[in-house]
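Here's the structure we're looking at; comments come further down.
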Amino acid sequence: MPEDTTLRDAADAADFRLGAAVAADPLRTDAGYWTSLRRGFNTVTAENAMKMGPMRPEPGVYDFTDADAVANFAEAHDMALRGHTLVWHNQLPDWFQEWDYTDDQLAAFLRDHVHTVAGRYRGTVEAWDVVNEAVADDGTMRDSVWYDALGERYLDDAFRWANDVAPDADLFYNDYGADAVNEKSDAIYELLEGMLDRGVPVDGVGLQMHALDGVPDPESVAENVRRFSDLGLDVHVTEMDVAYPEADAPENHRERQAEDYRDVLDVCLAEGVDTLVVWGVRDSDSWIPEWFPHVTEDPLLFDASNDPKPAYHALKERLEDTD
Ligand code: G3I
């Protein structure tokens, strides 16, 4: 029986941005996929299509086909678009070799990339993950081509370059494992505080929320959100999925998963976080089973048959319960 209202309707009514990471191919070919996407969400993030590697097949060539497909879908269905991601150590083009460039050339290369991509989607991308995962798990700066060549200033530069061409977009630093108060989120707090002190145009922090053993303590997530908000930053939950170690999963883990999603939404609503993005549409689209075969294989809101799961209903009920 068709629903009277969908999760997307509930998000719209609550003025909340509920998003999903999407891929271009199933948007083109799989009606079930985009029907679920429209049913659940009012915001999209390109899961891979706006990254440097997928976008730059050869030296000097940009291929915007898939990124445009995602952007066009968002526009056609009145969805907000989060851009992901301009600067990352991962998913670089296959042909790109650090040793082919001097440090100055690498800076020029990165500036050209940020200007080209953020400039193309000016006015279309509402929020950019400008720099992704610059901090290592122990809180030190992550070794990367950009850090090796340019030092910490690559973050300042990237945000300034993005701001040059997309002054109306909200510019985010995005990372994983920093959802609650911990060593890594402490380091990110200091990093962003320093950038703000230097006048760098950073607007927000993205907490990815890949939860592989249920979600972190909601109290600690709330405390973490508050401290970033107190710095004057917006906070988004940018890449949520919820799994449990297979060997030790709760008996009815889909019910527990629904509670976990709702707990994080509760924190968002209580702490002024207006965006929560789920990292995929259906369980069968998720990156988790390939990368983490030891955890439960159903981290998202829709099952492989496009049926909404308890987590879908829990989020919908909670959004319908906002004043
Ligand atoms: O590009 C090739 C394609 O040419 C080939 O046909 C296909 C077949 O295997 O593989 C394609 O590349 C894959 C790509 O996804 C696109 O599907 C890569 O092998 C695969 O490693 C890549 O994984 C992505 C991963 O980032 C890369 O690190 C995941 O889909 C994507 O969900 C994941 O997303 C990241 C966020 O960007 C940052 N935060 C963590 C998150 C999860 O790792």
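Nothing here was measured: the structure is a model prediction, and the numbers come from that model. As the structure lists them, so they are numbered: ligands from 1, and atoms in each ligand from 1. Reckoned from all heavy atoms, side chains included, excluding hydrogens, waters and symmetry mates.
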>> Does the structure place the NZ or CZ of R82 under 6.0 Å from the centre of the six-membered ring of F172, at an angle of no more than 45° from the ring's axis?
In response: yes
>> Filter on side-chain hydrogen bond (donor to acceptor under 3.5 Å, both in side chains), then keep only pairs touching residues 60-71, sequence neighbours left out; what's left?
In response: R28-D66, R56-Y62, Y62-D112, D63-T65, D68-R120, D68-Y121
>> Given a heavy-atom cut-off of 4.0 Å, could you list the residues near ligand 1 in chain and number order?
In response: E47, N48, K51, H84, W88, N90, Q91, N132, E133, Q208, H210, E239, W279, W287, W291
> Going by side-chain heavy atoms closer than 4.5 Å, which hydrophobic residues are tied to F292, directly or by a chain of links?
Replying inline: L212, W279, W287, I288, W291, V295
> Salt bridge between R318 and D263, side-chain N to carboxylate O under 4.0 Å?
Replying inline: no
>> Among D307, D298, D241, D30, which residue satisfies the salt bridge (Lys or Arg N to Asp or Glu O under 4.0 Å) criterion with R282?
In response: D30
>> According to salt bridge (Lys or Arg N to Asp or Glu O under 4.0 Å), does anything in residues 191-219 pair up with another residue at least two apart or in another chain? List the pairs.
In response: D156-R198
